[in-house]
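Reading through the structure tokens given below for one structure.
Here is the naming used below: chain letters follow the sequence lines, and residue numbers restart at 1 for every chain.
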Number of protein chains: 2
Amino acid sequence: MKRRLPSLNALRAFEAAARLGRMSAAADELAVTHGAVSRQIRHLEEVLGVPLFAGSKARPTLTDAGRALLPGLTDGFDRMDAAVRACVDADGATLDVSCLSTFLMRWLIPRLHRFNAANPGIDVRLRAADQAVDIDRERFDVIITVDESPSAATPPATLTLFAEMLGPVAAPALLPAPSPDGAADLRPLPVLHTKTRRNAWAMWSAAANLPPPDPARISTEFEHYYYTLEAALAGLGVCVAPWHLVADDVRSGRLLAPCGFHASGYVYVAQWRRRNRKTERFCAWLAEEAAAIAAAPQAFPPPADLPNS
Amino acid sequence: MKRRLPSLNALRAFEAAARLGRMSAAADELAVTHGAVSRQIRHLEEVLGVPLFAGSKARPTLTDAGRALLPGLTDGFDRMDAAVRACVDADGATLDVSCLSTFLMRWLIPRLHRFNAANPGIDVRLRAADQAVDIDRERFDVIITVDESPSAATPPATLTLFAEMLGPVAAPALLPAPSPDGAADLRPLPVLHTKTRRNAWAMWSAAANLPPPDPARISTEFEHYYYTLEAALAGLGVCVAPWHLVADDVRSGRLLAPCGFHASGYVYVAQWRRRNRKTERFCAWLAEEAAAIAAAPQAFPPPADLPNS
DNA sequence: TTCATTCTGTGAGTTTACCGCACATAGGAT
DNA sequence: ATCCTATGTGCGGTAAACTCACAGAATGAA
């Protein structure tokens, strides 16, 4: 006897609302508006020909029919969810990674060829996401982000990659001849800012215990950190950059960091929900790569008055 | 941990295709085209990041991932289906009845008040359906139809209501004074036909062993049997009518049936899939009502040459 | 009581998912 | 070789589903 299921989306909306007791809560869980849930449930009631919720509009309660319907649906959805999880945990499925966009472009992608070479069977799918990603809702295997508020009720597994170290960098062509100790005078240089991280200079100055640059100095603001770094490389001015994003450039001499780097307080972390072979391999590789660039020249003795007047 | 299910419709399409082994079969089951199933599965593969079918296009086979996904989905959908069935079987739900439209209007609806009075807790929802209704696919509790091809592999439970008895009827005002034996001369009357049942006169003439009306006679064709009956009642001519639809009119004298009625071979039946309290009550009531009108005057001696020249 | 808050119901308008159609493509069978 | 069967896909249309904004109704606090 064939199945005769009503709209699956309506069933899902009802299941969430019935389980949580409120349509608004279901709307949150399903990432839709309460109106959408309300309509879906009404539609389901019409199709089935039986009221599922009753009582006051502000505090609806399940009817007998609703109570009869709920457990089977919850069970059914749970089983389907388990099946999907098992499927995407299999080795053949891609490894989905969410990552801060600048980190993605300047750190992860340049190194990823090594992971691919070592793990030819694992297909990595990258996605740039600069706003907070809800690891409970989105289907990512690993999320690389900065640890700001470790307040989640059930915190996901977390691998600390490294603490962010900030320091001013600029192209060598822009700087006057460095003094014998390697320091250079940054004061005359234009200052580069980034719209999405306006507190970069302030964070650095607090961490380095040095005054921020004079607001009166020539400055340019870019939409994206990636542009700012490119601008610094192109010799447009000096910007505050995280060590891990410029380590290769500093080591190769494409950028100079005359003031060294200081911890900003941010910590880069990789988070995951389910440990499987793919996730383990990737996180292990991340840890290796992170360790390889960990030695930031934070001990570099900065000239006392360099960055500002 | 919240669920992270991909599109439910895509999951359903995959489940059907994987279970049946062919996308076309899934398309049949889901009552969509094969293209729709193909797209849904491709979409699912993209979202999950894992191929589910492989092999030749003409004979796709499940991948390991697909095999891992299928049983959980089947189980989940089955549980949901069971929950929905239990819910609609509950007393609070409506009783959904599909019915041939003329039968609905001229037989079921006029009698339904008695069912409602006797079963105030059961809400009947009627739907007219003149083409064949697949009781396995549509969500009806009872389907009233004519038994034509009892060839279904797993025939549903069936209640025979009565055999169809056909006979010519006309309004008394249209007929000349009847002869002493109650017969009347139908020959001069216009003949009423129905588009959806053009074989009515032929069926009757075969059953009654009388010649069909002369095609040269004045005739009118109506779109729907209901109109034809109304036309006969209004004195527009003579039509072949099933006894159960005109019994009340004949008994009250609004229609005359000078030739009596003869079995057409069609049998009216009620079918259902799941027996529950509502279905039982309704079918029992149907049987009662059917029995109450069963006595068609088929023994009425027709004049040998009445209907035709 | 009265007001503020919270939650659901709903009309209007918009987006998007989904589907059908028609054709292309590709194995497998006779 | 040719037919048959089954899936892949571009295009276009439609209905489902959603958002928005507002209304209505119950709860709790002042």
Legend entry - Listed partners of F282(A) passing ring-ring contact (aromatic ring centres under 6.0 Å, His included), at least two apart: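 So F282(A) forms a ring-ring contact (aromatic ring centres under 6.0 Å, His included) with F115(A), W285(A).
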
Inset, instruction - Could you tell me whether E15(B) and R3(A) make a salt bridge, using a distance below 4.0 angstrom between a side-chain N and a carboxylate O? - result: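 Salt bridge present between E15(B) and R3(A).
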
Atom [atom1] of [X] and atom [atom2] of [N]: how far apart are they, to the nearest Å?
| X | N | atom1 | atom2 | answer |
| --- | --- | --- | --- | --- |
| L11(A) | dA16(D) | CG | P | 15 Å |
| M23(A) | dA17(D) | CE | C1' | 16 Å |
| R12(A) | dA16(D) | CZ | P | 17 Å |
| R42(B) | dG10(D) | CZ | C1' | 14 Å |
| H43(A) | dA15(D) | NE2 | P | 14 Å |
| R22(B) | dG8(D) | CZ | C1' | 16 Å |
| L8(B) | dA17(D) | CG | P | 11 Å |
| F53(B) | dG8(D) | CZ | C1' | 14 Å |

Report the residues that fulfil side-chain contact (heavy atoms from CB on, under 4.5 Å) with [X], sequence neighbours left out, ordered by chain and then residue number.
| X | value |
| --- | --- |
| T61(A) | none |
| P6(B) | V84(A), R139(A), L11(B), L44(B), V47(B), L48(B) |
| A86(A) | none |

Inset, instruction - Any chance you could list the contact pattern along nucleotides 18-28 of chain D? Use B for base contacts, S for sugar-phosphate-only contacts and - for none, protein heavy atoms under 4.0 Å, 5' to 3'. - result: SB-----SS--

Legend entry - Where at least one partner belongs to residues 35-44 of chain B, residue pairs that pass salt bridge (Lys or Arg N to Asp or Glu O under 4.0 Å), sequence neighbours excluded: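 Those involving residues 35-44 of chain B do not exist here.
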
Legend entry - Phosphate OP1/OP2 of dT8(C) contacted by S38(A) side-chain N/O (<4.0 Å):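 Negative; the distance criterion is not met.
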
